[in-house]
Number of protein chains: 2
Amino acid sequence: MTGREASKPYHHNDLRSALLEAAVGLIEETGADSLTLRSVAKRVGVSHTAPYRHFADLSELTAAVAAEGFHKLSAEFHPVRTDADIDPAQRLVELGVAYVRFAMKHPAHFRVMFREHQNKPDWLEEASQNAFQALLDTVSEGQAAGALAGTEAHEIAIPAWSIVHGLSALLVDGPRDKFMPEGAPFTEAGLALARSTVETFLHGAAAPRDSR
Amino acid sequence: MTGREASKPYHHNDLRSALLEAAVGLIEETGADSLTLRSVAKRVGVSHTAPYRHFADLSELTAAVAAEGFHKLSAEFHPVRTDADIDPAQRLVELGVAYVRFAMKHPAHFRVMFREHQNKPDWLEEASQNAFQALLDTVSEGQAAGALAGTEAHEIAIPAWSIVHGLSALLVDGPRDKFMPEGAPFTEAGLALARSTVETFLHGAAAPRDSR
DNA sequence: TACAAAAGTTTCCAGTGTCAACATCCAGGA
DNA sequence: TCCTGGATGTTGACACTGGAAACTTTTGTA
């Protein structure tokens with residue numbers, strides 16, 4: 001004797017995932033600022049307080065999107081990390097390209113990953129740490145192989161992370177028209193830019209002095 | 001026959017500036033997400049709709065903070081741009097250091113400058129363009145002087161902006177403890193990191209091959 | 001001095017996050 | 001098989017928010 005008409009079950013069965021997906025969609029469409037818990041719930045077709053069964057509050061939901069982003073980023077890194085055919089210096093370039101590719105493929109995740117999170121949960125901290133560790137390891141290996149400068153991984157890893165992070169941020173939210181040829185397909189042009197940027201980083205911005 | 005007790009005048013006389021200042025303070029204290037128009041108004045001691053006499057809506061207020069940020073950034077650039085004693089390659093380094101210094105000195109502005117702005121006003125676009133132009137000019141001059149690689153300013157300017165922007169973003173909102181020695185004073189350590197990062201960018205991350 | 005525009009206030013409304021109380025469903029032990 | 005408790009979802013309420021409208025106070029100026 002409920003008011004419901006057939007089909008729709010009371011339990012969603014995977015509401016958590018559905019909420020995350022809806023949140024990502026809404027962030028892509030209308031920006032992270034205007035994300036509301038109620039709009040997420042509405043998109044999934046569920047009451048406006050249902051999300052509280054899965055997330056303590058709105059900030060935890062966005063934190064979950066962020067963590068998902070870091071996992072996707074690590075996944076994007078993985079093939080580069082395990083391909084034995086890439087030489088150590090080039091591996092750093094490919095890792096950087098993978099970073100930018102991730103940002104362009106998942107702009108909503110990317111935006112949320114590098115926001116202030118008022119109550120940063122441990123699992124978010126850990127997810128981000130894991131991704132950074134992949135970079136640190138790649139750099140260490142490159143240094144051990146004599147292909148990268150320095151002896152301390154941070155010396156290279158921080159500038160490297162900075163440059164791809166900065167480029168990604170500028171590509172995702174910045175003035176695209178200033179950065180790229182007008183008509184070019186966004187992702188392709190972005191990736192080409194990423195590659196040349198990281199290679200500039202590798203070989204230096206200073207004019208070549210002696211060799212060539 | 002008003003209810004007011006002496007002193008406080010009906011007109012504030014410079015409410016616009018006061019609102020901007022209050023907004024900056026609140027962003028620093030509680031983050032940009034939790035900035036509310038009412039809290040800004042309250043801090044200034046004014047009714048919650050008074051800001052509408054100066055800003056169309058909340059997003060325009062944050063856009064104004066962002067524009068103010070770009071002006072401060074340009075001001076930070078200025079001495080570097082006009083100091084005749086710096087050689088062209090080093091000037092790029094100093095410009096990068098100035099960028100990071102700005103970000104650390106004005107974290108609230110910085111955060112808001114690189115957010116999505118739903119209705120990006122022209123004056124904001126223009127302010128950001130001006131700052132970027134200073135970098136482009138510096139690079140062009142460096143290239144003309146034969147100190148920087150390439151012939152197209154964008155080739156160097158985009159990676160350069162990326163690297164300092166990325167470092168700044170990571171310093172302002174990222175995991176500081178992962179980046180810096182524990183006890184060190186934040187700004188000094190940050191600036192040292194900025195300098196070494198930009199110099200790495202200038203000379204390349206690859207291990208030196210021939211010379212030395 | 002009159003008065004219109006500028007600056008600030010009060011009142012109101014719809015939308016939001018979150019809490020508390022309630023309803024429904026599923027799984028496992030009697 | 002029943003029945004019962006926890007997990008999941010809903011309804012209703014509350015305080016707070018952005019914003020519109022209509023009002024009041026002040027000030028510059030003809």
Side-chain angles (χ1 to χ4, degrees), chain A residues 1-23 25-27 29-65 112 115-119 121, chain B residues 1-23 25-27 29-65 112 115-119 121:
Chain A
M1 208 63 79
T2 79
R4 276 180 298 110
E5 340 273 327
S7 58
K8 192 187 161 199
Y10 191 89
H11 287 289
H12 184 287
N13 239 350
D14 196 7
L15 183 55
R16 197 191 139 92
S17 311
L19 289 170
L20 284 175
E21 194 178 340
L26 287 169
I27 292 171
E29 290 163 27
T30 65
D33 287 328
S34 57
L35 184 73
T36 85
L37 206 44
R38 287 166 114 108
S39 68
V40 176
K42 179 178 286 182
R43 168 162 294 203
V44 176
V46 96
S47 80
H48 68 274
T49 55
Y52 284 96
R53 299 296 149 195
H54 301 272
F55 303 99
D57 55 16
L58 177 57
S59 82
E60 192 177 298
L61 187 143
T62 65
V65 172
V112 160
R115 259 176 181 233
E116 292 179 284
H117 292 276
Q118 37 188 21
N119 292 325
Chain B
M1 207 63 77
T2 79
R4 273 181 298 108
E5 340 272 328
S7 58
K8 192 189 161 200
Y10 191 89
H11 288 287
H12 184 287
N13 240 351
D14 197 7
L15 184 54
R16 196 191 140 93
S17 311
L19 289 169
L20 285 175
E21 194 178 339
L26 286 169
I27 293 172
E29 290 163 28
T30 66
D33 286 328
S34 56
L35 184 72
T36 86
L37 207 44
R38 288 166 114 107
S39 68
V40 176
K42 179 179 286 182
R43 169 162 294 204
V44 177
V46 97
S47 79
H48 74 274
T49 54
Y52 286 97
R53 298 295 150 195
H54 301 273
F55 303 99
D57 55 16
L58 178 58
S59 83
E60 191 177 299
L61 187 147
T62 65
V65 172
V112 159
R115 267 185 171 222
E116 292 180 283
H117 293 276
Q118 36 190 23
N119 292 324

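Chain naming here is simple, since letters A, B, ... match the order of the sequence lines and numbering starts at 1 in each.
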### Query
CZ of B:Phe55 versus P of C:dA7: gap in Å, rounded?
12 Å
### Query
Near B:Glu21 CD, under 6.0 Å, is it more than 12 heavy atoms from other residues, nucleotides or ligands?
no
### Summary
note: B:Asp57, atom CG; C:dG15, atom P; distance rounded to Å ~ 18 Å
### Query
B:Leu26 has an atom CG; how far is it from atom P of D:dT17, in whole Å?
12 Å
### Query
Can you tell me if A:Glu116 uses its side chain to pair, donor with acceptor, with the backbone of B:Ala32 under 3.5 Å?
yes
### Query
Taking for each residue the nucleotide of DNA chain D bearing the nearest heavy atom, is the 5' side occupied by A:His54 or by A:Arg38?
A:His54
#### Entry: Rounded distance in Å - CZ (A:Arg53) to P (D:dT10)
10 Å
### Task
Select one nucleotide: of D:dG9, D:dG18, C:dA20, the one nearest the side-chain heavy atoms of B:Tyr52.
D:dG18
### Message
Nearest whole Å is fine: how far is C:dG17 C1' from B:Asp33 CG?
### Response
14 Å
### Task
Please report the shortest heavy-atom distance between B:Leu37 and B:Leu61, naming the atom on each side.
CD1-CD1, 4.1 Å
### Query
Nearest to the side chain of A:His48, which nucleotide is it out of D:dA13, C:dT9, C:dG17?
D:dA13
#### Entry: Under 3.5 Å: donor-acceptor pair, side chain of B:His117, backbone of B:Thr62
no
### Task
Look at the side chain of A:Ala50 and decide which nucleotide, out of D:dG9, C:dT9, C:dG17, has an atom nearest to it.
D:dG9
### Message
I need the NZ-P distance between B:Lys42 and C:dT10, as an integer number of Å.
### Response
14 Å
### Task
Indicate, with a heavy-atom threshold strictly under 4.0 Å, whether A:Thr49 touches base, sugar-phosphate, or nothing.
base
### Query
Where the side chain of B:Leu37 is concerned, which of D:dG18, C:dG17, C:dG8 is the nearest nucleotide?
D:dG18
## Note on the structure
From CG of B:Leu35 across to C1' of D:dC16 the rounded distance in Å is 15 Å
### Nucleotide C:dT16, atom C1' - distance to CG of A:Leu58 in whole Å
10 Å
### Task
Starting at NE2 of A:His54, measure out to CG of A:Leu20 and round the result to the nearest 0.5 Å.
10.0 Å
### Task
Return the nearest nucleotide to the side chain of B:Val46; candidates are D:dG19, C:dT9, D:dG9.
C:dT9
### Task
Just call it for B:Ser47: base, sugar-phosphate, or nothing, with non-hydrogen atoms closer than 4.0 Å on any strand.
base
